[in-house]
Amino acid sequence: MSAKPISMKELATRINEHLKRFERDPAINIDKSREKTGLHTYYNVSAYYAGGAKIGVVYIVYQNASNLSRSEATAYLEWLDVGNVGTHFTMKNSARKAP
């Protein structure tokens, strides 16, 4: 008997919780600007069910959203759940560099 797959809305909610935590944590969301003017990796983040088979992810509110498929969102959530910190781009780059 297999477990019921997580819904797209639940995937988005759980990813959103991680992203909101990253945004709140000053050790994670450091100011990257030389002048310390407030340039952060996470700014008004969100993950949301975008309809159909897509989850939208926004790391910086004034930049475009990325749409993740169910498999991409599931992989990202699993990566976050084991303690990794970063965007889905970070996850993909770290997977490419793995031996």
Side-chain angles (χ1 to χ4, degrees):
M1 184 193 242
S2 62
K4 181 181 175 188
I6 186 170
S7 73
M8 293 295 280
K9 287 182 181 179
E10 181 64 18
L11 270 171
T13 297
R14 291 183 51 199
I15 291 170
N16 193 59
E17 289 168 358
H18 283 287
L19 296 178
K20 294 291 187 183
R21 179 174 51 84
F22 297 165
E23 185 176 22
R24 285 189 309 267
D25 188 335
I28 294 172
N29 199 23
I30 59 171
D31 187 339
K32 302 183 298 184
S33 63
R34 287 185 185 173
E35 299 80 18
K36 300 302 175 205
T37 55
L39 180 62
H40 293 86
T41 303
Y42 306 99
Y43 177 68
N44 224 3
V45 296
S46 63
Y48 56 90
Y49 175 56
K54 298 291 180 194
I55 298 219
V57 180
V58 176
Y59 302 108
I60 298 176
V61 71
Y62 51 83
Q63 294 180 349
N64 291 333
S66 293
N67 286 319
L68 306 179
S69 67
R70 172 182 280 285
S71 63
E72 291 169 325
T74 300
Y76 185 41
L77 179 59
E78 289 171 354
W79 187 78
L80 295 171
D81 280 348
V82 297
N84 292 295
V85 173
T87 66
H88 71 283
F89 303 112
T90 306
M91 177 195 70
K92 287 180 182 180
N93 289 337
S94 65
R96 283 189 208 125
K97 293 176 186 174

Legend entry - Heavy-atom closest contact (T41 atom, I60 atom, distance): O-CG1, 3.4 Å
Legend entry - Minimal non-hydrogen separation, G86 against F22, with atom names: N-CE1, 3.7 Å
Legend entry - Heavy-atom check, side chain of D81 versus side chain of E78, under 4.5 Å: no
Legend entry - V85 side chain reached by D25 side chain, heavy atoms, under 4.5 Å: no
Inset, instruction - State whether the number of non-hydrogen atoms from other residues, nucleotides or ligands found under 6.0 Å of K32 atom NZ is greater than 12. - result: yes
Inset, instruction - Using a 4.5 Å cut-off on heavy atoms from C-beta on, say whether the side chain of S46 contacts that of N16. - result: yes
Inset, instruction - Measure the spacing between CD of E10 and CG of L77 and express it to the nearest 0.5 Å. - result: 8.5 Å
Legend entry - N93 CG to H88 NE2 distance, which is reported to the nearest 0.5 Å: 10.0 Å
Inset, instruction - Please examine the side chains of I6 and R70, heavy atoms only from C-beta on, and report whether any two atoms are closer than 4.5 Å. - result: yes
Inset, instruction - Would you give the length of the straight line joining atom OG1 of T13 to atom CD of E17, rounded to the nearest 0.5 angstrom? - result: 6.5 Å
Legend entry - Y62 side chain reached by N44 side chain, heavy atoms, under 4.5 Å: no
Inset, instruction - Go through the side-chain N and O atoms of T87 and T90 and say whether any donor and acceptor fall under 3.5 Å apart. - result: yes
Inset, instruction - Answer yes or no: are there more than 12 heavy-atom neighbours, outside Y48 itself, under 6.0 Å from its atom OH? - result: yes
Inset, instruction - Indicate the atoms forming the closest heavy-atom contact of R21 with H18, along with that distance. - result: NH2-ND1, 2.9 Å
Inset, instruction - Taking all non-hydrogen atoms of both residues into account, name the closest pair between N67 and A50 and its distance. - result: OD1-CB, 4.1 Å
Inset, instruction - Report yes if some heavy atom in the side chain of M91 is under 4.5 Å from a heavy atom in the side chain of N84; otherwise report no. - result: no
Inset, instruction - Give a yes or no on whether the backbone of R24 and the side-chain of N29 come within a donor-acceptor separation of less than 3.5 Å. - result: no
Inset, instruction - Work out which heavy atom in P26 is nearest to a heavy atom in I30; give both atom names and the distance. - result: O-CG2, 3.3 Å
Inset, instruction - Could you tell me whether the side chain of D31 reaches within less than 4.5 Å of the side chain of H40, counting heavy atoms only? - result: yes
Legend entry - Approximate separation, where rounding is to 0.5 Å, of L68 CG and L11 CG: 9.5 Å
Legend entry - Test item: K20 and V45 side chains (from C-beta on) under 4.5 Å apart, heavy atoms: yes
Inset, instruction - Over all heavy atoms of both residues, which pair between I15 and A73 is shortest? Give the atoms and the distance, please. - result: CD1-O, 3.7 Å
Inset, instruction - Assign the ring pair Y59 / Y42 to parallel, tilted or perpendicular, where the plane angle (0 to 90°) is split at 30° and 60°. - result: perpendicular
